[in-house]
S.K.: 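Let me begin by handing over the structure; questions about it come next.
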Amino acid sequence: MQPLPVEFYARDTTLVAKELLGTLLVHRSPEGITVGRIVETEAYLQGDPACHASRGMTPRNSVMFGPPGHAYVYFTYGMHYCFNVVTASEGVGEAVLIRALEPIEGLELMRKRRGRDRLHELCGGPARLVQAFGITKEHNKKDLTTGPLFIAPSPDPPPDIYITTRIGIKEGADLPLRFYIQGNKFISKK
DNA sequence: GGAACGATTGAT
DNA sequence: TCAATCGTTCCT
């Protein structure tokens, strides 16, 4: 499996969020490999009030303004981490949040890391998939086109995409920037 | 220096 | 429906 090249990420963020559906998130960690099919994403755009980068660069969000194809991992609610991929051109603070995966490989490792058995509880939610894949704050700013954590092209035909509003935000809650594979059983909310 | 809050999750 | 839990951001 080959990582998607930087050219994939260096495009319109909304387009990247849609085209990430069906691709494979891969982590070759010391504990073992995990693979999941990306089934749900959200786009966060410059000028979008819900975007961490909308009020300028800070120590936390600086990676969003850097080159595309890098990881933005942030800590939230005092206990969880979320994983994003940086998109668009360098200097533009945009990213795509990975919200849910369909578990493909390494299910027992995911179960061990999560402390749960049920399939839909392994990677259904942004903080859940981070835990299942062993992603930590150490992965923040890492290059997703060269390292052990990467995204591989979709092995499937382009899916039907459902477009709706994002979850867990206040400002910008009406914008149609959440995308998931229509009919997929592994999205984060019913 | 201090306070309010959050791109969530899991239990009640 | 609500508590857990703490780094980041913004205000004083």
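A, B, ... follow the sequence lines: proteins, then strands. Residue 1 opens every chain. Predicted model only: the values in this text are computed from it and were never measured.
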S.K.: Which label fits A:Tyr81 and A:Phe75: parallel for a plane angle under 30°, tilted from 30 to 60°, or perpendicular past 60°?
M.R.: tilted
S.K.: With a sphere of 6.0 Å drawn around OH of A:Tyr162, does it hold more than 12 non-hydrogen atoms of other residues, nucleotides or ligands?
M.R.: no
S.K.: When we call it a touch if two heavy atoms are under 4.0 Å apart, what does A:Arg166 touch: a base, just sugar-phosphate, or nothing?
M.R.: nothing
S.K.: Measuring centre to centre across the rings, with the benzene-like ring taken for any Trp, is A:Tyr44 within less than 6.0 Å of A:His52?
M.R.: no
S.K.: Nearest heavy atom decides the nucleotide; on that basis, is A:Lys170 or A:Gly124 closer to the 5' end of DNA chain B?
M.R.: A:Lys170
S.K.: With a 4.0 Å cutoff (strictly under), does any side-chain N or O of A:Arg128 reach OP1 or OP2 of B:dT8?
M.R.: no
S.K.: Taking the side chain as every heavy atom from C-beta outward, state whether A:Leu25 and A:Leu149 have any atom pair closer than 4.5 Å.
M.R.: yes
S.K.: Which nucleotide wins on minimum distance to the side chain of A:Ala127, given the candidates C:dC10, B:dA7, B:dT8?
M.R.: B:dT8
S.K.: Going by modelled atom types, is there a donor-acceptor pair between the base of C:dA4 and the side chain of A:Tyr77 at under 3.5 Å?
M.R.: no
S.K.: Considering only C:dT9, B:dA7, B:dG10, which nucleotide approaches the side chain of A:Arg114 most closely?
M.R.: B:dG10
S.K.: Can A:Tyr74 be called stacked on B:dA7 when the rule is centres closer than 5.5 Å and an angle between planes below 30°?
M.R.: no
S.K.: Describe the nucleic acid contact of A:Arg178 in one word from base, sugar-phosphate, nothing, applying a heavy-atom distance below 4.0 Å.
M.R.: nothing
S.K.: Using a cut-off of strictly less than 4.0 Å, decide whether A:Arg116 has a side-chain nitrogen or oxygen near OP1 or OP2 of B:dT9.
M.R.: no
S.K.: Can you measure A:Glu171 atom CD to C:dT9 atom C1' for me and round it to whole angstrom units?
M.R.: 14 Å
S.K.: Please pick, from C:dA4, C:dG7, B:dA7, the nucleotide with the shortest atom-to-atom distance to any side-chain atom of A:Phe75.
M.R.: C:dG7
S.K.: Could you tell me the Watson-Crick or G-U partner of B:dT8, where both distances fall under 3.5 Å? Say none if there is no partner.
M.R.: C:dA4
